Amino acid sequence: MSEKKKSPDELLEEVTIHQVEREALDRVFSTFVSKSEDPRALDNCVKFGWQEVYQVLKELGSPMSKQDVQLMIWEVDEDLDTYVSKEEFEIMYKRCVSDKTGLEPRKLFNLVQFMMFDKNNLKSITVEDTLELIYVRYGMEHLEKEIQALFGADEKQPDGTEKRITFAQYLEQINAKNIQKRKKKASRRGK
């Protein structure tokens with residue numbers, strides 16, 4: 001007798017968001033909502049749209065076109081109201097952290113992940129900033145590999161200070177990591 005195959009919704013229900021992740025996600029969601037000029041959004045803290053994401057990207061020194069930012073929202077907007085609700089935000093996060101294929105849309109996720117690391121809103125991150133979240137997600141056995149994927153082999157600057165990377169540098173590293181992952185998968189399929 002075979003086990004019943006689970007639906008995507010059932011599989012998402014099984015994805016655990018640890019307390020440290022939950023706190024960081026709540027902080028990032030609130031940051032987006034706080035950029036809204038709509039007083040109802042601030043009072044209810046329920047949704048954010050492309051304008052808020054556009055503002056955050058501009059503040060990070062990585063502005064994008066209106067169309068590109070709207071696409072980021074569309075990729076995770078389950079009810080097609082052109083906004084991201086708290087529930088859609090969490091679904092996006094769970095889908096991306098549990099995605100083994102690399103096919104889940106990640107544009108908003110990558111921004112959110114960077115903001116989760118950037119606890120003090122310094123617009124750049126260090127190895128120290130990332131340790132707790134990476135450890136919770138990947139465990140000790142993958143910690144060093146994940147840190148190297150983000151920061152390269154050198155965690156320090158030539159002067160001995162901790163290396164900091166911006167959102168643009170973070171995206172470069174994440175994209176390079178994803179390309180390597182796809183190449184590795186493709187080579188395994190070719191054998």
Side-chain angles (χ1 to χ4, degrees), residues 20-21 23-38 41-42 45 47-78 82-86 88-97 99 102-134 137-138 145-158 161-182:
V20 66
E21 290 175 297
E23 290 167 5
L25 277 171
D26 289 347
R27 177 178 44 77
V28 171
F29 187 82
S30 294
T31 299
F32 282 122
V33 173
S34 74
K35 304 293 179 193
S36 178
E37 294 178 12
D38 182 350
L42 293 173
C45 195
K47 293 181 179 188
F48 63 87
W50 75 267
Q51 297 94 333
E52 292 78 24
V53 175
Y54 181 85
Q55 183 63 37
V56 167
L57 286 164
K58 211 163 91 175
E59 290 170 6
L60 288 172
S62 295
M64 294 175 118
S65 72
K66 175 183 174 181
Q67 292 80 11
D68 286 343
V69 178
Q70 286 174 324
L71 178 61
M72 287 173 78
I73 298 296
W74 178 81
E75 289 176 340
V76 300
D77 181 16
E78 297 289 317
T82 70
Y83 292 92
V84 176
S85 68
K86 185 89 171 194
E88 290 166 333
F89 191 71
E90 186 173 301
I91 289 170
M92 173 267 311
Y93 185 77
K94 284 182 169 185
R95 282 181 177 161
C96 288
V97 297
D99 178 30
L103 299 175
E104 194 64 41
R106 293 185 172 281
K107 290 180 179 150
L108 184 61
F109 172 79
N110 289 336
L111 174 59
V112 168
Q113 187 69 69
F114 180 85
M115 293 171 70
M116 288 172 72
F117 292 144
D118 187 16
K119 297 177 197 111
N120 298 315
N121 199 24
L122 298 174
K123 298 170 185 35
S124 62
I125 58 174
T126 64
V127 169
E128 184 69 31
D129 295 330
T130 65
L131 285 176
E132 185 176 32
L133 284 168
I134 290 176
R137 176 144 346 112
Y138 298 103
K145 181 180 83 174
E146 294 300 323
I147 294 294
Q148 276 200 346
L150 288 180
F151 292 92
D154 300 322
E155 296 175 15
K156 301 269 185 208
Q157 303 286 11
T161 61
E162 198 167 17
K163 184 176 185 179
R164 298 194 78 79
I165 61 171
T166 64
F167 178 61
Q169 292 167 318
Y170 172 80
L171 276 183
E172 282 179 33
Q173 294 299 103
I174 289 296
N175 290 334
K177 176 184 166 191
N178 289 336
I179 289 169
Q180 282 303 111
K181 200 174 177 181
R182 282 200 276 304

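In this text the structure is predicted, and so the values were computed from the model without any measurement.
- To the nearest 0.5 Å, atom CZ of residue Arg164 and atom CZ of residue Phe151 are 8.5 Å apart.
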Could you give me the CA-CA distance, side-chain angles and deciding distance for Asp68 and Lys107, then say whether salt bridge (charged side-chain N to carboxylate O under 4.0 Å, His left out) is met? CA-CA 9 Å; Asp68 286 343; Lys107 290 180 179 150; over 6 Å; no

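- Within 6.0 Å of NZ on Lys123 lie more than 12 heavy atoms contributed by other residues, nucleotides or ligands.
- Gly152 approaches Gln173 most closely through the heavy-atom pair N-NE2, 4.1 Å.
- Listed by chain and number, the residues in a side chain to side chain contact (heavy atoms under 4.5 Å, CB included) with Lys145 are His142 (sequence neighbours excluded).
- Distance OG/Ser65 to CH2/Trp50: 9.5 Å, rounded to 0.5 Å.
- Between Leu133 atom CG and Thr130 atom OG1 the span is 8.0 Å, to the nearest 0.5 Å.
- If you check the side chains of Gln113 and Tyr170, you find no donor sitting under 3.5 Å from an acceptor.
- Within the 4.5 Å cutoff, no side-chain heavy atoms of Thr126 are placed close to those of Lys163.
- Nearest heavy-atom pair, Phe32 versus Val112, reported as atom, atom and distance to 0.1 Å: CE1-CG2, 4.0 Å.
- If you take OG on Ser124 and CD1 on Ile165, they are separated by 9.0 Å, rounding to the nearest 0.5 Å.
- With sequence neighbours excluded, no residue forms a salt bridge (Lys or Arg N to Asp or Glu O under 4.0 Å) with Glu132.
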Start with the C-alpha distance between Lys177 and Glu146, add both sets of side-chain angles, then the distance that settles salt bridge (charged side-chain N to carboxylate O under 4.0 Å, His left out), and finish with yes or no. CA-CA 9 Å; Lys177 176 184 166 191; Glu146 294 300 323; 2.5 Å; yes

From CA spacing to verdict: side-chain contact (heavy atoms from CB on, under 4.5 Å), Leu60, Leu111: CA-CA 10 Å; Leu60 288 172; Leu111 174 59; 3.5 Å; yes

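- Side-chain atoms of Tyr54 and Lys35, non-hydrogen and from C-beta on, never get closer than 4.5 Å to each other.
- Under the 4.5 Å side-chain criterion, counting only non-hydrogen atoms from C-beta, Met64 is in contact with Met72.
- Proximity of Thr31 to Asn121: side-chain heavy atoms (C-beta onward) are nowhere separated by under 4.5 Å.
- Note: Glu88 CD to Glu75 CD = 13.0 Å, rounded to the nearest 0.5 Å.
- Between the side chains of Gln55 and Glu59, a donor-acceptor pair is found at a separation under 3.5 Å.
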Start with the C-alpha gap between Tyr83 and Phe48, add the side-chain angles, then the distance that decides, and say whether ring-ring contact (aromatic ring centres under 6.0 Å, His included) holds. CA-CA 5 Å; Tyr83 292 92; Phe48 63 87; 8.8 Å; no

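- Using a 4.5 Å cut-off on side-chain heavy atoms (C-beta onward), Ile134 and Leu150 make contact.
- Looking at every heavy atom in both residues, Asp77 comes nearest to Thr82 through OD2-N, 2.7 Å.
- In this structure, Cys96 and Pro105 approach most closely via the heavy-atom pair SG-O, 3.4 Å.
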Passes salt bridge (charged side-chain N to carboxylate O under 4.0 Å, His left out), Glu23 versus Arg27? Steps please. CA-CA 6 Å; Glu23 290 167 5; Arg27 177 178 44 77; over 6 Å; no

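- Between Phe109 and Arg137 the shortest heavy-atom distance is CZ-NH1, 4.4 Å.
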Start with the C-alpha distance between Glu78 and Lys47, add both sets of side-chain angles, then the distance that settles salt bridge (charged side-chain N to carboxylate O under 4.0 Å, His left out), and finish with yes or no. CA-CA 13 Å; Glu78 297 289 317; Lys47 293 181 179 188; over 6 Å; no

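- Leu131 is listed as a side-chain neighbour of Ile147, based on a closest heavy-atom distance under 4.5 Å.
- Between Leu25 and Tyr93, the closest side-chain pair of non-hydrogen atoms falls below 4.5 Å.
- How far CE of Met116 is from CG of Asp118: 12.0 Å, rounded to the nearest 0.5 Å.
- Distance alone, capped at 3.5 Å, is enough to place a donor-acceptor pair between the Glu162 side chain and the Glu128 backbone.
- Heavy atoms only, all atoms of each residue included: Leu57 and Phe167 are closest at CD2-CE2, 3.6 Å.
- Without hydrogens or angle criteria, Asp26 side chain to Ser30 main chain gives no donor-acceptor distance under 3.5 Å.
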